Undergrad: 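Below is the structure I would like to discuss, written out as C-alpha cells.
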Amino acid sequence: MDPKVSAELSKLDARVPFRASTSHLHHTWAKTFYSRPELYIQPESVEEIQKAVTLARRCRRRLVVVGCGHSPSDLTCTSSWMINLDKFNRILSANQETGVVTFESGISLHDLGVELGKMGLSPPNLGSIDNQSIAGAISTGTHGSSLKHGLLSQSISSISLVLANGHLVRCSAASNPSLFRAALLSLGAIGIITEITFTAVPDFNLAWEQSLHPLTEVLETWDTTLWTSAEYSRVWWLPYMKRAVIWRAKQSNGPLSPPKKSYYGGKLGFHTYHNLLFLSHYIPRLLPWVEWFVFGMQYGFKPGKATSMAVQPAREGLLMDCLYSQFVNEWALPLDKGPEALTRLSAWINGDHTIAQIPVPSKGIWVHCPIEVRVSDTTTSRNASGTRPFLDPTCAQGPTLYLNATLYRPYGRDPPCRLRYYEAFEWLMRHLGGRPHWAKNFTEDSSKEIPQMYGDNMKEWLKVRKDSDPDEMFVGEWHRRNLPLGQPGESSVAEREKERKPLGQGDAIEWVGQRAVPLQVKESQEIDAFQGSSPSPPMTATSEESFDYLAKGEASMLMSRVGEYDSS
C-alpha cells in the first residue's frame with residue numbers, strides 16, 4: 001500500500017476494519033474490459049464504507065463501486081480504488097403484510113429474490129438476469145418487459161447514500177427529493193448507495209410459453225394483442241429468417257412445471273452454436289445459415305411447429321440465459337415507432353437501402369444475434385414513490401419500446417460487423433427519437449447528443465451531482481466521455497484514461513487509467529476548506545437532515561466516536 005495512504009489510514013479508528021487488497025484484476029461480466037485497481041475494498045458495514053470514502057478523499061483517490069460488472073462498457077474500470085459491496089448484503093427489515101423491505105445495497109437480485117421468497121414475497125418485475133447487485137441495477141436503469149411495469153427502481157421508496165464528504169444521507173420523494181431523483185439512476189456518480197427500501201408483492205408463479213412466428217405477425221399485432229395479451233411479453237427477432245420468437249407469461253396458481261432442456265442450453269447445442277459463431281468470424285456469410293440452423297433446432301424450422309412452456313416462480317421464470325460474452329447496444333424509444341424501426345432495420349440488414357433509409361452502407365455486413373424486443377410503461381405502472389429519475393431513458397408520455405442489438409463474442413473475439421452495424425443501428429435509433437441504455441455499448445456519436453436528449457433533467461442531475469461530490473471523486477473517464485461534465489476543476493480527483501491495450505485474451509482490452517496529481521495541501525487546510533463554515537454533524541444511519549446542509553462539511557470521521565453515535 002502507498003505509504004501516504006498507510007499514514008492517513010493510521011489516523012482513523014483502527015476498530016473499524018479497512019478490508020482492502022492490492023492484487024485484484026477486475027473485468028466486466030462479458031470480459032470486454034479489464035482493469036487493475038490500486039485497492040480493491042470490500043466493506044461489510046456503513047462505518048467501513050464511510051472510512052473508505054474519508055480515506056479516499058484525504059488521499060485524493062477516485063472511488064468506483066462495482067458489483068458483478070454486468071455492464072459490457074468501461075463504466076466500472078479504474079486504476080484507482082474500487083469498492084465491492086458483495087459482503088454488504090443483509091436484509092435489515094421486512095413487513096410481510098405491506099411488502100416493505102429494507103436491505104443493504106450489495107445484495108444481488110438473485111439473493112434478494114430467494115430471501116423474499118422465504119417470506120412469501122417477490123419483486124414485481126425483473127430484467128433478463130439476476131446476477132447484478134440491486135444498487136447497480138437501479139443505478140443504470142434496469143427494466144424488464146411488461147406494459148404493467150416500468151424500471152426496477154419504481155418499487156423503491158427511499159435510498160440512503162454515503163456522499164463524498166462521508167455523510168450518510170437518506171432521501172425519498174418527501175425528503176431530499178432532488179437527491180432521490182438523481183440517486184434512482186445515479187450512474188455511480190452521486191455517492192455510494194448503502195440502504196434501499198423496496199415494496200415487494202406477494203410471491204407468485206408464472207406460466208409462460210414461447211414459439212416461433214412470422215415477423216409479419218409481430219408487426220400486424222403490434223398495436224393490438226402483441227404486448228397486451230399477457231402481463232409479461234418479449235420478442236426475439238431473427239433478422240435473416242424474418243421470423244420472431246414470442247414469449248408471454250401470466251401469473252398462475254397451477255403446479256410448478258420446469259421447462260424442458262433447451263437445445264443450446266445443453267452441452268452439445270451450447271458448444272455447437274459457440275463454434276459456429278467462431279467460424280463465422282472468419283466466414284461471415286455463414287451467419288444466415290447459422291441463424292436458421294441454431295434457432296430451428298431450438299424453436300422449430302417452421303412457425304408454430306413447437307411451443308415451449310413452463311410454470312416457474314416469477315424470480316426464475318422472468319430470467320433468460322445470456323449464453324456467451326457479448327456486446328449489448330440497447331435503446332429506448334416510443335412504442336409506436338416499433339414497426340418502423342423493425343422494418344427499416346430489417347431492410348438495412350438484408351441490403352434494401354430504399355426501405356431502410358439509413359445513410360450507412362450495409363454491403364459486406366453480416367450480423368449474428370437475435371435482436372431482443374421488450375417494453376415497459378413508466379407512466380401508468382405501479383410506483384412506490386411516484387418519482388421519476390432525472391436520467392430515466394423511458395418515454396414520459398406513453399409506453400416505451402426497447403430494441404437490444406446484441407452481438408456475441410465467441411471465445412472473446414469481437415465480431416467484425418460491430419462498428420458499422422452499431423453506427424447504422426444508432427443512427428436509426430436517434431432518428432426515431434430514442435435514447436441509449438446507460439449501461440450498454442453505445443458510441444461517442446450518440447454521446448454527443450445526450451444533453452439534448454435529456455434537456456433540463458440533465459441539468460438538474462448535474463447540479464445534484466456537483467453538490468454531492470464537488471471534487472469529482474465518483475467521476476471517471478466514462479462519465480466525461482458520455483456526460484456534459486466539462487473539464488476537471490483544479491480540485492478534481494477525477495481519474496483520466498491513459499491508454500487501452502490488448503490483454504491477450506481474445507479481443508479483451510485492459511483499461512489503464514492515470515490518477516490526477518494530488519493537490520499539495522496540508523491536511524488541516526484541506527479539511528477546513530471542505531467543511532466551510534458549517535460544523536459537521538455526526539454520522540448517523542437515520543439522518544433526515546437537509547442534503548444541502550450535509551453536502552457542505554466533512555463528516556465527523558473521528559472514528560473512535562462511532563460507538564457513541566450508535567448508542568445515542
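All of these numbers come straight from a predicted model, not from anything done at the bench.
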Undergrad: Could you go through Tyr273 and Phe278, starting from their C-alpha distance and side-chain angles, then the distance that decides it, and tell me whether this counts as side chain to side chain contact (heavy atoms under 4.5 Å, CB included)?
TA: CA-CA 9 Å; Tyr273 189 15; Phe278 185 73; over 6 Å; no
Undergrad: When you compare the side chain of Gln514 with that of Glu499, does any pair of heavy atoms fall below 4.5 Å?
TA: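 The answer is no; the side chains never approach within 4.5 Å.
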Undergrad: Check whether the side chains of Ser80 and Thr78 place a donor and an acceptor atom closer than 3.5 Å, and report yes or no.
TA: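 Judged by distance alone, the side chains do not pair up.
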Undergrad: If you look at every heavy atom in Trp461 and Leu185, which pair is closest and at what distance?
TA: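 Taking every non-hydrogen atom into account, NE1-O, 3.4 Å.
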Undergrad: Minimum heavy-atom separation for Cys171 and Ala183, please, with both atom names.
TA: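 That would be SG-CB, 4.5 Å.
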Undergrad: State plainly whether the residues Arg62 and Asp469 are in salt-bridge range, i.e. N to O under 4.0 Å.
TA: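 No salt bridge links Arg62 with Asp469.
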Undergrad: How about Asn441 and Ser73: does a side-chain donor come under 3.5 Å of a side-chain acceptor?
TA: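 The answer is no; no qualifying pair exists.
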Undergrad: For residues 134-144, pull every pair meeting side-chain hydrogen bond (donor to acceptor under 3.5 Å, both in side chains), keeping only residues two or more places apart or in separate chains.
TA: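 Qualifying pairs: Ser139-Ser186, His143-Glu330.
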Undergrad: Check whether any side-chain N or O of Arg465 sits under 3.5 Å from a backbone N or O of Ala189 as a donor-acceptor pair, and report yes or no.
TA: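 Judged by distance alone, yes, a pair lies under 3.5 Å.
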Undergrad: Looking at residues at least two apart in the chain, or sitting in another chain, which of them share a side chain to side chain contact (heavy atoms under 4.5 Å, CB included) with Thr22?
TA: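 Here the qualifying residues are Leu39.
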Undergrad: What's the spacing between Trp81 CH2 and Ile83 CD1 if we round to 0.5 Å?
TA: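 If I round to the nearest 0.5 Å, the distance is 9.0 Å.
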Undergrad: For Ser45, which residues count as a side chain to side chain contact (heavy atoms under 4.5 Å, CB included) partner, sequence neighbours excluded?
TA: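 By the side chain to side chain contact (heavy atoms under 4.5 Å, CB included) rule, Ser45 matches Glu47, Glu48.
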Undergrad: Which atoms form the tightest heavy-atom contact between Val328 and Asn404, and what is the distance?
TA: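 Looking at all heavy atoms of both residues, the shortest contact is CG1-OD1, 3.0 Å.
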Undergrad: Quick one: do the Gln42 and Asn84 side chains pair a donor with an acceptor below 3.5 Å?
TA: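 A pair is found: one side chain offers a donor N or O, the other an acceptor, under 3.5 Å apart.
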Undergrad: Would a distance-only check, ignoring hydrogens and angles, find a side-chain to backbone donor-acceptor pair under 3.5 Å from Thr28 to Thr32?
TA: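 Present.
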Undergrad: Of all residues at least two apart in sequence or in a different chain, which pass the ring-ring contact (aromatic ring centres under 6.0 Å, His included) check with Trp438?
TA: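 Checked Trp438 against ring-ring contact (aromatic ring centres under 6.0 Å, His included); matches are Tyr454.
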Undergrad: Show which side-chain atoms of residues 130-137 pair as donor or acceptor with protein atoms under 3.5 Å away, not counting sequence neighbours.
TA:
from, atom 1, to, atom 2, distance (Å)
Asp130, OD2, His110, ND1, 3.2
Ser133, OG, Gly136, N, 3.1

Undergrad: To the nearest 0.5 Å, what is the distance between OG (Ser153) and CD1 (Ile156)?
TA: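 Answer rounded to 0.5 Å: 6.0 Å.
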Undergrad: Quick one: pull up CD1 in Ile49 and CD1 in Ile192 and give me the separation to the nearest 0.5 Å.
TA: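 With rounding to 0.5 Å, CD1 (Ile49) is 6.0 Å from CD1 (Ile192).
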Undergrad: Can you find a pair of side-chain heavy atoms, one from Leu483 and one from Met458, that are under 4.5 Å apart?
TA: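 Answer yes - side chains close enough.
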Undergrad: I'd like to know if Arg15 and Asp13 make a salt bridge, using a cut-off of under 4.0 Å between side-chain N and carboxylate O.
TA: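 Salt bridge present between Arg15 and Asp13.
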Undergrad: Under a plain distance cut-off of 3.5 Å, with no hydrogens placed, do Ser158 and Ser172 share a side-chain donor-acceptor pair?
TA: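 No, because no side-chain N or O of Ser172 sits under 3.5 Å from a partner of the opposite role on Ser158.
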Undergrad: Would you name the heavy atoms of Leu75 and Leu187 that are closest together and state the gap between them?
TA: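 In terms of heavy atoms, the two residues are closest at CD1-O, 4.1 Å.
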Undergrad: On a heavy-atom basis, which atom in Gly166 and which in Val53 lie closest, and how many Å separate them?
TA: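 So the two residues come closest at N-CG1, 4.0 Å.
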Undergrad: Is Glu423 salt-bridged to Arg418, going by a charged N under 4.0 Å from an acidic O?
TA: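 Salt bridge between Glu423 and Arg418, a charged N being under 4.0 Å from a carboxylate O: no.
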Undergrad: Which residues pass the side chain to side chain contact (heavy atoms under 4.5 Å, CB included) test with His274, sequence neighbours left out?
TA: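 In terms of side chain to side chain contact (heavy atoms under 4.5 Å, CB included), with neighbours along the sequence ignored, His274 is linked to Phe270, Tyr324, Pro410, Tyr411.
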Undergrad: Can you run down the ring pair (Phe, Tyr, Trp, His ring centres under 6.0 Å) pairs that involve residues 476-510, sequence neighbours left out, and say none if there aren't any?
TA: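 Listed once each, the pairs would be none.
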Undergrad: With Ser79, which of Arg36, Glu495, Glu497, Glu510 fulfils side-chain hydrogen bond (donor to acceptor under 3.5 Å, both in side chains)?
TA: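 Looking at Arg36, Glu495, Glu497, Glu510, the match for Ser79 under the side-chain hydrogen bond (donor to acceptor under 3.5 Å, both in side chains) is Glu495.
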Undergrad: Are Val64 and Phe474 close enough that some pair of their side-chain heavy atoms sits under 4.5 Å apart?
TA: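 Side-chain contact under 4.5 Å: no.
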Undergrad: Does the His167 side chain pair with the main chain of Val169, one donor and one acceptor, at a distance under 3.5 Å?
TA: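 Here the side-chain-to-backbone pair does not exist.
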Undergrad: With side chain to side chain contact (heavy atoms under 4.5 Å, CB included) as the criterion, how do Ile358 and Phe425 come out once you've worked through the C-alpha distance, each side chain's angles and the decisive distance to 0.1 Å?
TA: CA-CA 9 Å; Ile358 298 174; Phe425 176 73; over 6 Å; no
Undergrad: Any donor-acceptor pair under 3.5 Å linking the side-chain atoms of Thr443 with those of Tyr422?
TA: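 No, no side-chain donor-acceptor pair sits under 3.5 Å.
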Undergrad: Using side-chain heavy atoms (C-beta onward) and a distance below 4.5 Å, is Thr54 in contact with Lys51?
TA: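 No; the side chains remain at least 4.5 Å from each other.
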Undergrad: Which residue pairs pass the ring pair (Phe, Tyr, Trp, His ring centres under 6.0 Å) test when at least one of the two sits in residues 17-61, sequence neighbours left out?
TA: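 For residues 17-61, and leaving out neighbouring residues, the ring pair (Phe, Tyr, Trp, His ring centres under 6.0 Å) pairs sorted by first residue read His24-Tyr40, His27-Tyr34, Trp29-His70.
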Undergrad: Check whether the side chains of Thr197 and Thr102 place a donor and an acceptor atom closer than 3.5 Å, and report yes or no.
TA: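 Checked: Thr197/Thr102 side chains pair up, N/O donor to acceptor below 3.5 Å.
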Undergrad: Report the residues that fulfil salt bridge (Lys or Arg N to Asp or Glu O under 4.0 Å) with Arg181, sequence neighbours left out, ordered by chain and then residue number.
TA: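 If we apply the salt bridge (Lys or Arg N to Asp or Glu O under 4.0 Å) test to Arg181, skipping adjacent residues, there are no hits.
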Undergrad: Applying salt bridge (Lys or Arg N to Asp or Glu O under 4.0 Å) to Asp2 and Arg61, what does each step give before you reach the verdict?
TA: CA-CA 12 Å; Asp2 186 321; Arg61 297 299 200 270; 3.1 Å; yes
Undergrad: When you compare the side chain of Pro123 with that of Phe198, does any pair of heavy atoms fall below 4.5 Å?
TA: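 The answer is yes; the side chains approach within 4.5 Å.
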Undergrad: Does Met473 form a side chain to side chain contact (heavy atoms under 4.5 Å, CB included) with Ser492? I'd like the steps, not just the answer.
TA: CA-CA 7 Å; Met473 190 164 68; Ser492 173; over 6 Å; no
Undergrad: Tell me every residue that passes salt bridge (Lys or Arg N to Asp or Glu O under 4.0 Å) with Asp507, counting only those two or more places apart in sequence or in another chain.
TA: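 Checked Asp507 against salt bridge (Lys or Arg N to Asp or Glu O under 4.0 Å); matches are Arg413.
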Undergrad: Does a donor on one side chain and an acceptor on the other come within less than 3.5 Å for Arg374 and Thr400?
TA: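 Checked: Arg374/Thr400 side chains show no N/O donor-acceptor pair below 3.5 Å.
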Undergrad: For a salt bridge (Lys or Arg N to Asp or Glu O under 4.0 Å) check, start with the C-alpha distance between Glu472 and Arg480, then their side-chain angles and the critical distance, and finish with the verdict.
TA: CA-CA 11 Å; Glu472 302 179 319; Arg480 294 206 173 279; 2.6 Å; yes
Undergrad: Residues two or more places apart in sequence or in another chain: which of them pass side chain to side chain contact (heavy atoms under 4.5 Å, CB included) with Arg430?
TA: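 Partners of Arg430 by the side chain to side chain contact (heavy atoms under 4.5 Å, CB included) criterion, ordered by chain and then number, come out as Trp331, Glu426, Trp427, Asp445, Ser446, Glu449, Met453.
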Undergrad: Indicate every side-chain donor-acceptor pair of residues 363-370 with a distance under 3.5 Å to a residue at least two apart or in another chain.
TA:
from, atom 1, to, atom 2, distance (Å)
His368, NE2, Tyr408, N, 2.9
His368, NE2, Tyr408, O, 3.0

Undergrad: Could you walk me through whether Glu372 and Thr406 pass the side chain to side chain contact (heavy atoms under 4.5 Å, CB included) check?
TA: CA-CA 8 Å; Glu372 188 178 33; Thr406 297; 5.6 Å; no
Undergrad: How many angstroms lie between atom CG of Asn125 and atom OG of Ser376, to the nearest 0.5 angstrom?
TA: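 One gets 8.5 Å once the value is rounded to the nearest 0.5 Å.
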Undergrad: What heavy-atom pair brings Ser447 and Phe442 nearest, and what distance separates the two atoms?
TA: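 Nearest heavy atoms, Ser447 then Phe442: OG-CE1, 3.4 Å.
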Undergrad: So how far is it from Leu161 CG to Ile193 CD1, rounded to the nearest 0.5 Å?
TA: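 Here the rounded value is 5.5 Å.
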Undergrad: Nearest 0.5 Å, what's the CG-SG distance between Leu109 and Cys68?
TA: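 The distance works out to 9.0 Å.
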